[in-house]
Amino acid sequence: MSQKPAKPQRLKARLPRGLADRPASELRATDAMLGKIRKVYELYGFEPVETPFIEYTEGLGKFLPDQDRPNEGVFSFQDDDEAWLSLRYDLTAPLARYVAENFEALAKPYRSYRLGWVFRNEKPGPGRFRQFMQFDADTVGSGSPAADAEICMMAADALEALGIPRGQYVIKVNNRKILDGVMEAIGLGGEENAGRRLTVLRAIDKADKFPWEEVTKLLGSGRLDESGDFTKGAGLAENEIAAIHAYLHASVQVDGALFLVRMASPQIDQSFSAIAAYREGIAEIQDMFGLIQAAGYGPDRIKADFSVVRGLEYYTGPVFEAELLFEVKDEKGNPVRFGSVGGGGRYDGLVGRFRPEPVPATGFSIGVSRLAAALKVLGRLDGLNAPGPVVVTVFDKDRLADYQSMVARLRAAGIAAEMYLGSAGLKAQMKYADRRKSPCVIIQGGDEKAAGKIQIKDLIEGAKADEAIVSHTERKEQRPAQIEVDESALVESVQAILARHFPAAG
RNA sequence: GCAGCUGUAGCUCAGUUGGUUAGAGCGUCGGAUUGUGGCUCCGAAGGUCGGUGGUUCAACCCCACUCAGCUGUACCA
């Protein structure tokens, strides 16, 4: 009996949850995507800026109230002077810090875009990571509804530039002041109602996710979900719930520059209109849509949606959300809605935290990773099938110099090429080239060398030819898609093959 | 956080009322083919059955605890 040798205790290679490695195909696809978005932002006159991953926690505003500790949702650590530092959880707070710190030097309104990783220490899920990429554009220093309108139009243009057809996405617009007014109208104004107000707003946010009966439960006594978990409700009275219902089912009439909002019941309309914040919010959204419609962006691209609730802590006026409308099936056949792929709004208080004067600002953020997943499903993700390098196989190990010089000739002609650097035989080298998605391989054994020839095998053509071949011997005899040319014709022969398979390139 | 479900090979999954040596497909590696990827055939490697404890003559299977994953829900600045 041979004894099994004790297994060495080996480190387990594993990635912390909520994080993802990104293979070549994904990097290429993301690059292509980002280029398209960047082009749109540049067209609108926005300039790039970059800030670091790390900020002072206090600058992010992420200290827990009454505690000397950062919010758990941010990755934080202490500097050697004990000051708390955090990985940024979005790109807006760092931008606010940047603008405040460089206020005098920047031309205002300051229009900039930026792209980068952000980090959230939260429970990950499908399409939700602890590190993900955002692509933002913001206008700082303008309180004009034109700035808000422009941001929305730019978001719509960006989605279309990525190949999402009109009608398959929509930019939804609401206004915090309208929401605040409605809260006040049902008696939830004031500091003492902050908790219940939050509960009600969250229930409103669920309006596009749950049917109205479920929202009613959340507004009333509470809701028991299918797993048996109970969510406490806001405890609103029936007439208050009716007011929310009327609000969510308000009609919006659009006629040229005219934008009219009417609640389902005249009494409720009247009670809302008695609130100053409500009137202000309605006026702002009317101004915005006047501009949006004048620019030719109809409700098929940008529309009002009163159920949008975002960033309760810092948005002060208009809020936006980009939603994809198409539904797809995942590998298991379950329907998947991508839903929100971006959002934004006006955050007039954020820069002002660092400055004596108030600084209005508005912006929009695209969730790059989630959008990339959606584009993949749509088949609009480029760069997934980029060809690999031409592989020059090593036949005689003592003639590496010959092979290397072929590689150099190909590279000099701008053709991606490499010499096989492993130690395996020709068969394995062919497999390697196959896996690398090489368009073709170069083979030169002793016979060819003596005759001043090389073999070029077109792997793409070969794969096609193989469909008709049944036996190995047949393949071996035919050597499909393989040509023999003079050594001197290496570059032009490879170029011909590439031109055949990738007519656009080169 | 709360609730439900699931943890068996790199991946997807079988595994009988608790009973010898835990299987398959795919993938990987090798061979058939010392000079040619894909098709075919043959072979091999690969497992602390998530972990710990318990019940039992005997546990992948039953029980308790624990960890991880998935789903829903909550939170998401």
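Only this structure's heavy atoms are used, side chains among them; waters, hydrogens and symmetry mates stay out.
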Open item on the list: Strictly below 4.0 Å: does Arg202(A) bring a side-chain N or O up to OP1 or OP2 of A74(B)?
Closed with: no
Task: Leu87(A) CG - C76(B) P separation (whole Å) - done: 21 Å
Task: Whole-Å distance separating the CD1 atom of Ile460(A) from the P atom of U36(B) - done: 22 Å
Open item on the list: Which nucleotide wins on minimum distance to the side chain of Gln455(A), given the candidates U36(B), A77(B), U73(B)?
Closed with: U36(B)
TODO: Verify the ring-centre separation between Tyr403(A) and Tyr420(A): is it less than 6.0 angstrom?
DONE: no
Task: Under-4.0 Å salt bridge between Lys453(A) and Asp447(A) - done: no
TODO: Check whether any side-chain heavy atom of Phe210(A) lies under 4.5 Å from a side-chain heavy atom of Thr216(A), and answer yes or no.
DONE: no
Task: Residue Met430(A), side-chain heavy atoms: nucleotide from G37(B), A74(B), U28(B) that is nearest - done: G37(B)
Open item on the list: Pick the closest RNA chain B nucleotide for Tyr89(A) and for Ala481(A) by heavy atoms, then say which residue is nearer the 5' end.
Closed with: Ala481(A)
Open item on the list: Under a 4.0 Å threshold between the charged nitrogen and the carboxylate oxygen, would Lys177(A) count as salt-bridged to Glu284(A)?
Closed with: yes
Task: Under 3.5 Å donor-acceptor pair, Glu122(A) side-chain atoms to G1(B) base atoms - done: no
Task: Whole-Å distance separating the CZ atom of Arg370(A) from the P atom of C76(B) - done: 15 Å
Open item on the list: Measuring only the P atom in each nucleotide, how far is A24(B) from U33(B)? A whole number of Å is fine.
Closed with: 27 Å
Open item on the list: Over all strands shown, is Gly61(A) touching base, sugar-phosphate only, or nothing at heavy-atom distances under 4.0 angstrom?
Closed with: nothing
Open item on the list: Between G23(B) and C60(B), how far apart are the two C1' atoms, rounded to whole Å?
Closed with: 12 Å
Open item on the list: Classify Tyr347(A) by what it touches in the nucleic acid, base, sugar-phosphate, or nothing, heavy-atom distance under 4.0 Å.
Closed with: nothing
- [ ] Using heavy atoms to find the nearest nucleotide of RNA chain B for Arg120(A) and Gly445(A) separately, return the residue whose nucleotide is more 5′.
- [x] Gly445(A)
- [ ] Give one of base, sugar-phosphate or nothing for Val441(A), where a contact means two heavy atoms less than 4.0 Å apart.
- [x] nothing
Open item on the list: List the residues meeting side-chain hydrogen bond (donor to acceptor under 3.5 Å, both in side chains) with Gln455(A), not counting sequence neighbours, and say none if there are none.
Closed with: Glu448(A), Gln482(A), Glu484(A)
Open item on the list: Distance criterion of 3.5 Å, no angle test: do you see the side chain of Lys123(A) paired donor-to-acceptor with the base of U73(B)?
Closed with: yes
Task: All side-chain hydrogen bond (donor to acceptor under 3.5 Å, both in side chains) counterparts of Arg355(A), not counting sequence neighbours - done: Glu104(A), Glu357(A)
Open item on the list: Please report the distance separating the C1' of G10(B) from the corresponding atom of A45(B), rounded so that it comes out in whole Å.
Closed with: 12 Å
Task: Side-chain ion pair, Asp396(A) and Lys449(A), N-O less than 4.0 Å - done: no
TODO: Please state whether the phosphate of C76(B), meaning OP1 or OP2, lies under 4.0 angstrom from any side-chain nitrogen or oxygen of Arg128(A).
DONE: no
Task: Among Arg17(A), Arg130(A), Arg128(A), salt bridge (charged side-chain N to carboxylate O under 4.0 Å, His left out) partner for Glu122(A) - done: Arg128(A)
TODO: Please determine, for the side chain of Tyr314(A), which listed nucleotide (U73(B), U33(B), A77(B)) has the closest atom?
DONE: A77(B)
Open item on the list: Is there, by distance only and without an angle test, a donor paired with an acceptor across the side chain of Lys457(A) and the base of G37(B) below 3.5 Å?
Closed with: yes
Open item on the list: Is Arg17(A) close enough to C67(B) that one of its side-chain N or O atoms is under 4.0 Å from OP1 or OP2 there?
Closed with: no
Open item on the list: Quick check on side chain to side chain contact (heavy atoms under 4.5 Å, CB included): which of Asp90(A), Leu87(A), Val74(A) does Arg120(A) satisfy it with?
Closed with: Asp90(A)
TODO: Let me know the distance between CG of Leu198(A) and P of A74(B), rounded to the nearest Å.
DONE: 13 Å
TODO: Could you state the atom-to-atom distance from NZ of Lys431(A) to C1' of G31(B) in whole Å?
DONE: 11 Å
Open item on the list: Considering every strand and a 4.0 Å limit on heavy-atom distances, what is the contact class for Asp447(A): base, sugar-phosphate, or nothing?
Closed with: base
Task: Same-atom distance (P) from C26(B) to C42(B), integer angstrom - done: 11 Å
Task: Touch class at under 4.0 angstrom, heavy-atom based, for Glu448(A) against every strand present - done: base
TODO: Flag as yes if Phe395(A) stacks onto the base of G35(B) (centroids under 5.5 Å, planes under 30°), otherwise no.
DONE: no
TODO: Take the protein atom NZ of Lys217(A) and the nucleotide atom P of A74(B), then report the distance between them rounded to whole Å.
DONE: 13 Å
TODO: Can you tell me the distance, in whole Å, between the CZ atom of Phe75(A) and the P atom of A77(B)?
DONE: 16 Å
Task: Separation between the P atoms of C62(B) and U16(B), rounded to whole Å - done: 10 Å
Open item on the list: Surrounding CD of Gln78(A) (heavy atoms of other residues, nucleotides or ligands, distance under 6.0 Å), is the total greater than 12?
Closed with: yes
Open item on the list: Can you measure Glu214(A) atom CD to G72(B) atom C1' for me and round it to whole angstrom units?
Closed with: 13 Å
Open item on the list: Distance check, C1' atoms only: C65(B) and C13(B), in whole angstrom units.
Closed with: 28 Å
Open item on the list: Once hydrogens and angles are ignored, does a donor-acceptor distance under 3.5 Å link the base of U36(B) to the side chain of Gln482(A)?
Closed with: yes
Task: Donor-acceptor pair present, Lys232(A) side chain and G1(B) base, under 3.5 Å - done: no
- [ ] May I ask you to say what Lys437(A) touches in the nucleic acid, namely base, sugar-phosphate or nothing, with a heavy-atom cut-off under 4.0 Å?
- [x] nothing
Task: Integer angstrom distance from the C1' of G25(B) to that of G46(B) - done: 15 Å
TODO: Please map the stems of RNA chain B, keeping only stretches of three or more Watson-Crick or G-U wobble pairs with both distances under 3.5 angstrom.
DONE: B:1-7 with B:67-73, B:10-13 with B:23-26, B:28-32 with B:40-44, B:50-54 with B:62-66
Task: Rounded distance in Å between the C1' positions of G15(B) and C49(B) - done: 10 Å
